[in-house]
Amino acid sequence: MSPSDQGRRDRSLSFGSQAAAYERGRPSYPPEAIDWLLPPGARDVLDLGAGTGKLTARLVERGLDVVAVDPIAEMLEVLATALPGTPALLGSAEQIPLPDDSVDAVLVAQAWHWFDPARAIPELVRVLRPGGRLGLVWNTRDERLGWVKELGKIIGREDARDVVDAGVSLPAPFGDIESHQVEWTSYLTPQALIDLVASRSYCITSPDAVRTQTLDQVRNLLATHPALVGSTGLALPYITVCTRATLH
């Protein structure tokens, strides 16, 4: 494994130490995006790379039979506390702990860029029923204007950005590949913004001095930017990027 691949793997497994901050700071997903990703008539859904259950909760609310899978036990503990009736299984995209032909849809939120597609795609084909749907979704900050642009300068490029900007390609037997975007706004407290930054993989895996400096810069932005000074609630614009494909 190359140093860059090892670093990517380390970042992908780093979130456990900040599971609580991840849950407090990360946004959910807009209903319009979830509607677009799910196939008509879906009942059994796998949330793969479920983390603390940000997407899982939205799927459970719809009355779907959901199984959550993630490789990090600390993340699943947060999920299981919030959703005690939902199966939460340790596993990965490369080794999914489900039987063959067991789900109508696999949704992957904020995680596809961590997967090894060469190993993950055969597993997805295995667990999906014929005609099943693969749905990928990322919340990306809209950094075109204002304080969010300044935030981006402090915390750097998102891990998913390369994949999101390039677009997702999927081999056969996946087909009917489509993309969609939803622009929306997440409302959060100043502390939740700090938690959001603290839960980013680059922040978690940085040396303590770098991590402390980054969080101090975010606190300074909150204290000095004209749009943020004295605010108890922040409006953080997002562009949610979605891709869906059908198993033929």
Side-chain angles (χ1 to χ4, degrees), residues 5 8-9 12 28-51 53-71 79 86-140 158-184 239-248:
D5 287 342
R8 180 172 165 276
R9 174 172 170 76
S12 75
S28 184
Y29 296 89
E32 179 187 332
I34 301 172
D35 290 341
W36 187 84
L37 289 166
L38 286 169
R43 290 299 313 164
D44 300 308
V45 179
L46 167 60
D47 185 0
L48 184 58
K54 288 289 183 177
L55 177 62
T56 318
R58 303 288 81 80
L59 298 172
V60 170
E61 288 170 356
R62 292 165 179 253
L64 299 169
D65 293 322
V66 185
V67 176
V69 170
D70 198 86
L79 185 154
T86 299
L89 308 178
L90 275 173
S92 67
E94 297 79 13
Q95 195 167 4
I96 300 172
L98 292 182
D100 297 355
D101 301 324
S102 56
V103 293
D104 302 311
V106 177
L107 298 193
V108 181
Q110 226 70 23
W112 180 259
H113 56 287
W114 298 124
F115 296 172
D116 175 0
R119 296 170 56 209
I121 287 170
E123 277 290 87
L124 294 168
V125 171
R126 182 182 66 79
V127 302
L128 274 168
R129 293 169 182 147
R133 172 78 56 79
L134 172 62
L136 315 177
V137 58
W138 289 270
N139 283 327
T140 66
E158 295 174 298
D159 283 297
R161 183 62 69 175
D162 289 343
V163 173
V164 169
D165 289 349
V168 176
S169 60
L170 295 164
F174 286 105
D176 305 325
I177 301 169
E178 300 175 277
S179 297
H180 181 60
Q181 294 189 352
V182 178
E183 296 189 16
W184 63 290
I239 302 173
T240 295
V241 180
C242 310
T243 297
R244 67 185 183 189
T246 301
L247 179 64
H248 292 299

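Heavy atoms only: backbone and side chains are in, while hydrogens, waters and symmetry mates are out. Every value quoted in this text rests on a predicted model; they were computed, and no experiment measured them.
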With no hydrogens and no angle check, is any side-chain donor or acceptor of D104 less than 3.5 Å from a backbone partner on R43?
yes
Run the salt bridge (charged side-chain N to carboxylate O under 4.0 Å, His left out) test against E32 and tell me which residues pass, sequence neighbours left out.
none
Ion pair D35/R62, N-O distance below 4.0 Å
yes
How long is the straight-line distance from CG of L170 back to CG of L136, given to the nearest 0.5 Å?
6.5 Å
Rounded to the nearest 0.5 angstrom, the OG1-CD distance for T240 and Q110 is 8.0 Å
Which atom of L37 lies closest to which atom of G135, heavy atoms considered:
CD2-CA, 3.7 Å
Hits for salt bridge (charged side-chain N to carboxylate O under 4.0 Å, His left out) against E94, two or more places apart or cross-chain, chain-then-number order -> none
Mind checking the CG-CD1 spacing from L55 to I34? Nearest 0.5 Å is all I need.
5.5 Å
Pairing residues for Q95 by the side-chain contact (heavy atoms from CB on, under 4.5 Å) criterion, not counting sequence neighbours
S92
Residue that, paired with I96, satisfies side chain to side chain contact (heavy atoms under 4.5 Å, CB included) out of L48, L89, V67:
L48
In this structure, CZ of R129 is separated from OG of S102 (nearest 0.5 Å) by 6.5 Å
Counting only N and O atoms by type, is there a donor-acceptor contact under 3.5 Å from the side chain of R133 to the main-chain atoms of L128?
no
Rounded to the nearest 0.5 Å, how far apart are CG of L107 and OG1 of T56?
9.5 Å
